Amino acid sequence: MEVRRTRRKKICAAMILQMYSSEREIQNVLMIGQTMTTSPILARAIRRNKVPRVHAFAEHTVLQYDDLDFKFHFRLQRCTVEVLLHQLGNSSIPTPENSFGGTKALTLKKQLLMFLWFAGK
């Protein structure tokens with residue numbers, strides 16, 4: 001993550017040096033002055049906010065839901081989801097055990113919960 005941020009800053013610095021010839025123009029860009037309004041893409045690249053992310057939501061937070069919260073978010077009871085998982089477990093849906101490269105495959109339970117959350121909203 002830190003490597004990406006450092007790389008992005010280097011790219012922005014290179015763009016600034018190519019776009020603006022004098023040191024004063026570069027300072028105006030970095031200080032978010034009048035020059036910044038002429039280059040909104042560059043302004044966004046420099047001032048990009050970090051987006052907060054929730055890690056392992058399905059594995060930790062969803063397990064702590066009580067039955068009412070679970071049904072509210074997924075529109076099914078927890079036992080119904082378990083039955084669906086058991087029935088789908090015998091199908092040929094890709095699982096982490098039989099994935100073929102690329103990004104790591106999601107567990108069947110996580111795939112089902114994502115779908116139910118999406119369909120229920």
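Just so it is clear, the structure is predicted and the values come from calculations on it, not from any experiment. Throughout, residue positions are numbered sequentially from 1 according to the sequence presented.
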Audit row: K109, E82, side-chain contact (heavy atoms from CB on, under 4.5 Å) steps and yes/no: CA-CA 9 Å; K109 183 174 185 174; E82 294 297 328; 3.9 Å; yes

Test side-chain contact (heavy atoms from CB on, under 4.5 Å) applied to K71 and Y65, step by step: CA-CA 9 Å; K71 186 167 182 174; Y65 282 168; over 6 Å; no

Check against side-chain contact (heavy atoms from CB on, under 4.5 Å), E59 and K110: CA-CA 8 Å; E59 291 82 359; K110 192 168 188 176; 3.4 Å; yes

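Note that CG of L113 and CG of L85 are 7.0 Å apart. Values are rounded to the nearest 0.5 Å. Atom NZ of K121 is separated from atom CG of L116 by 11.5 Å, given to the nearest 0.5 angstrom.
Heavy-atom minimum distance, Q111 versus L106: NE2-O, 2.9 Å. Across all non-hydrogen atoms, the minimal contact from R78 to D67 is NE-OD1, 3.7 Å.
With L112 as the fixed residue, the side chain to side chain contact (heavy atoms under 4.5 Å, CB included) test singles out one of V81, T107, L76: V81.
F70 pairs by the ring-ring contact (aromatic ring centres under 6.0 Å, His included) definition with F74, not counting sequence neighbours.
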